[in-house]
Amino acid sequence: MAEGFQAPRGTLDWLPQRSAARRAMIERFRQIFEGAGYGEAMTPIFEDKALFARTAGESSEVVGKEMYLFEDQGGREMALRPEFTASIVRLYLENGLSRDPQPVRLWSAGNCYRFAAVQRGRYREFTQVNAEAIGSDDPAIDAELIALQLRWFESLGLDGLEVRLNTIGDRADREPYLDQLRAYIDAHSSEVDDEVRRQRDLNPLRAFDTKDPASAAIMADAPKITDAVSDEAAAHFAAVRSFLDARGVNYTLDPTLVRGLDYYSRTTWEISWPALGAQSGIGGGGRYDGLAELIGGAPTPGVGFACGIERVLLALEDQDRSPAPERQMDVFFAIFCDAARPRLHALMDQARARGVAAEADLAGRAVKGQMKQADRIGAALTVVCGDDEWARSVCVVRSMASGEQTEVSLDELVEHLHNAKMGTA
RNA sequence: GUGGGCGUAGCUCAGCUGGUGGUAGCUCCGGGUUGUGGUCUCGGCGGUCGUGGGUUCGAGUCCCACCGCUCACCCCA
């Protein structure tokens, strides 16, 4: 290890067991969203830096200091994607999807990259599953996305989720409100801490996030954006809530909930699993009706969310649950005769070609060790072939559950294994 | 980027105020069962004590730096 390499800080190695869990989670996500009419979209892992800079906002941490940037050999400024939404909207515009029936609904899964301080649940390379609906401002979509997202969590066996919901109005509502909020902070300037004063200039909405109790008390009485939104946005939010209420979705209203990316408008939400501690946010999203214009497209409404696979998996592991299916093998080949190995390996391959999951000893194990291996991998059957059987061109097929053994001619072995598999399946 | 805790076999960990690394548990491999698993039992493999310096006659144990993990700030998935 001293002279060796370690995975880069903030990255994870995925061994088979967790890889299976991860894949099962994504597969579940796929089933749920494709069952609701969402199609899979994949975008490049890197994009023009400006795509993210313009959409997420220069004042956001993500753009300000967390992007992985590089200049390619052609001198282009590129960034590894810190999130999906900007890429998906870019995809929508670039591929003319505004000509498709609206809204265009897409889901994605893949790695994102942010150069942030590493801790449990926060990694520099991490995986998000993502869903976006672009081209309609129907409040039913906001509610549908939240409901589907919750269905995913529940299908994985995660209990005790908290859903927080808010509306931050339209961009046009924002400036007058921000002036109001800045004025309030200025009026209480001497009573709040540096953090609030810093946010006042940077992103006043975030001033509500202060941890300082005195400042928090002051901010508790500050004007809330929820009260400052237009009648139209308020009506939209009321409609979102009615769609959620009709489904029986539990949520709490949090008028200080502001998502960290500047492009959000109207509905915002966050789902957390509190036991995870500081990185308890396992999913979040919102509406971004102004985003398409920011990157040169026609005004196009949109709404979407993302969930962090690693965090959800940590939560599941904390509950001693794994979404990974049991590993199973149909047949193990236990061969105690060197001369027999080539022929039996060939037969094993033929069985595999017919859909039988099979493996053989590859470690030179003794008899006992090979049987133990068969047991360990959960093989339903073990093909046993030693000198005696090989001399007679047969083998013994043992049922690992019952211990029952039958002798089978090597010529009929593949057919026998195939039938056994079909019979039990 | 800033603080606190931690870093001994593949994994989980003992190791008292510095005096030669633990028959430790689990895993893995083998024997007990001349060719048959899950239990039991015996044995074996496996460590430059995170890395590099320093103090000391002597450092896993003390000091410093770095790397990594972890908790929190922050940020967000």
Side-chain angles (χ1 to χ4, degrees), chain A residues 1-12 15 56 59-67 81-85 109-130 149 153 195 198-199 202-203 206 209-212 257-261 270-273 276-286 304-315 332 334-337 340 361 363-390 395-405:
Chain A
M1 198 65 105
E3 303 290 321
F5 291 102
Q6 291 177 292
R9 183 162 165 74
T11 64
L12 255 23
L15 273 37
S59 73
S60 71
E61 293 277 322
V62 170
V63 166
K65 45 189 190 189
E66 294 186 356
M67 279 208 291
R81 65 179 173 211
E83 54 120 14
F84 274 96
T85 303
N111 289 346
C112 295
Y113 300 83
R114 292 182 199 173
F115 192 85
V118 176
Q119 65 182 74
R120 178 175 146 97
R122 183 168 61 197
Y123 307 100
R124 290 178 177 173
E125 178 182 69
F126 59 101
T127 311
Q128 283 192 344
V129 287
N130 183 266
Q149 186 180 14
F153 288 131
E195 179 58 22
R198 194 178 67 89
Q199 293 291 10
L202 208 55
N203 188 348
R206 299 223 72 111
D209 299 339
T210 179
K211 293 291 190 297
D212 174 54
L257 172 65
V258 178
R259 314 231 67 248
L261 287 341
E270 220 165 86
I271 298 176
S272 57
W273 198 72
L276 275 184
Q279 308 306 324
S280 63
I282 56 175
F305 72 86
C307 297
I309 287 280
E310 290 81 2
R311 288 183 187 179
V312 176
L313 189 51
L314 285 172
F332 183 80
I335 308 165
F336 322 122
C337 169
D361 176 61
R365 288 188 186 84
V367 175
K368 183 175 177 175
Q370 293 200 39
M371 294 310 293
K372 185 170 185 169
Q373 178 66 4
D375 182 57
R376 191 159 38 203
I377 66 173
L381 300 175
T382 298
V383 168
V384 180
C385 185
D387 294 327
D388 177 48
E389 290 84 359
W390 177 242
C395 63
V396 169
V397 177
R398 175 184 178 87
S399 159
M400 295 303 280
S402 68
E404 190 182 324
Q405 305 199 154

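Note on naming: letters A, B, ... go to the chains in the order of the sequence lines (proteins, then strands), and numbering restarts at 1 for each one.
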Quick one: what's the B/S/- string for nucleotides 66-77 of chain B, heavy-atom cutoff under 4.0 Å, read 5' to 3'? -SSS-SBBBBBB
Identify whether any heavy atom of A/Asp388 sits under 4.0 Å from a base atom; if not, whether one sits that close to sugar-phosphate; answer base, sugar-phosphate or nothing. base
Taking B/U20 as the reference, what is the distance to B/U34 when you measure between their C1' atoms (whole Å, please)? 45 Å
Starting at CD of A/Gln373, measure out to OG1 of A/Thr382 and round the result to the nearest 0.5 Å. 10.0 Å
Under a 3.5 Å cut-off on both pairing distances, which runs of 3 or more consecutive Watson-Crick or G-U pairs involve RNA chain B? B:1-7 with B:67-73, B:10-12 with B:24-26, B:28-32 with B:40-44, B:50-54 with B:62-66
Taking atom P in both B/G35 and B/C40, compute the distance separating them and give it to the nearest angstrom. 24 Å
For atom CZ of A/Arg365 and atom C1' of B/G37, their distance in whole Å: 12 Å
Do A/Arg311 and A/Gln279 get their side chains close enough for a donor-acceptor pair, meaning under 3.5 Å? yes
Hey, does the side-chain of A/Glu389 have a donor or acceptor N/O within less than 3.5 Å of a partner on the base of B/G35? yes
If the P atom of B/G21 is compared with that of B/U51, how far apart are they to the nearest Å? 16 Å
Which whole number of Å gives the distance between the C1' atom of B/G44 and that of B/C6? 33 Å
d(A/Phe305 CZ, A/Asn130 CG) to nearest 0.5 Å is 7.5 Å
Could you point out which residue of A/Ile282, A/Val129, A/Asn111, A/Leu314 forms a side-chain contact (heavy atoms from CB on, under 4.5 Å) with A/Ile309? A/Val129
Between B/U36, B/G30, B/G37, which nucleotide gets closest to the side-chain atoms of A/Gln405? B/U36
Using 0.5 Å steps for rounding, measure from the CZ atom of A/Phe126 to the CD atom of A/Glu83. 9.0 Å
Given RNA chain B, 5'-ward residue of the pair A/Ala379 and A/Ala366, judged by closest heavy atom: A/Ala366
Quick one about A/Gln199 and A/Arg206 (side-chain donor to acceptor, distance below 3.5 Å, no hydrogens or angles considered), yes or no? no
Quick one: label A/Val384 by what it contacts on the DNA or RNA (base, sugar-phosphate, nothing), any heavy atom closer than 4.0 Å. base
Can you measure A/Gln373 atom CD to B/G38 atom P for me and round it to whole angstrom units? 13 Å
Tell me the interatomic distance from A/Asp361, atom CG, to B/U36, atom C1', rounded to whole angstroms. 13 Å
Quote, to the nearest angstrom, the C1' distance that separates B/A14 from B/C57. 28 Å
Could you check how far CD of A/Gln370 sits from P of B/G37, rounded to whole Å? 12 Å
Take atom NZ of A/Lys368 and atom P of B/G43, then tell me their distance rounded to the nearest Å. 14 Å
What is the distance from atom SG of A/Cys385 to atom CZ of A/Phe336, rounded to the nearest 0.5 Å? 9.0 Å
Could you go through nucleotides 5-11 of chain B and list every protein N or O atom that sits under 3.5 Å from one of its N or O atoms, giving the distance for each pair?
none

Judged by nearest nucleotide, the residue sitting upstream toward the 5' end of RNA chain B, A/Phe115 or A/Val396, is A/Phe115
Between atom CD of A/Gln128 and atom CD of A/Glu310, what is the distance when rounded to the nearest 0.5 Å? 9.0 Å
Does the side chain to side chain donor-acceptor pair (under 3.5 Å) test come out yes or no for A/Gln370 and A/Arg365, once each step is laid out? CA-CA 6 Å; A/Gln370 293 200 39; A/Arg365 288 188 186 84; over 6 Å; no
With A/Arg124 as partner, the option from A/Glu66, A/Arg114, A/Arg9 fulfilling side-chain contact (heavy atoms from CB on, under 4.5 Å) is A/Arg9
Does some side-chain heavy atom of A/Glu125 sit less than 4.5 Å from a side-chain heavy atom of A/Leu12? no
Going by modelled atom types, is there a donor-acceptor pair between the base of B/G38 and the side chain of A/Arg376 at under 3.5 Å? no
Taking the same atom, C1', in B/G18 and in B/U61, what whole-Å distance lies between them? 6 Å
Using the C1' atom as the reference point in each nucleotide, state the distance between B/C29 and B/G10 in Å, no decimals. 14 Å
Between B/G47 and B/G15, how many Å separate the two C1' atoms, rounded to a whole number? 14 Å
Under 3.5 Å, side chain of A/Arg398 to main-chain N/O of A/Leu381, donor-acceptor pair present? no
Please report, rounded to the nearest Å, how far the C1' atom of B/G32 is from the NZ atom of A/Lys372. 14 Å
Going from CE on A/Met400 to CZ on A/Phe332, what distance comes out if it is rounded to the nearest 0.5 angstrom? 9.0 Å
Rounded distance in Å - CD1 (A/Ile377) to P (B/G38): 15 Å
Nucleotide B/U27, atom C1' - distance to CG of A/Asp375 in whole Å: 15 Å
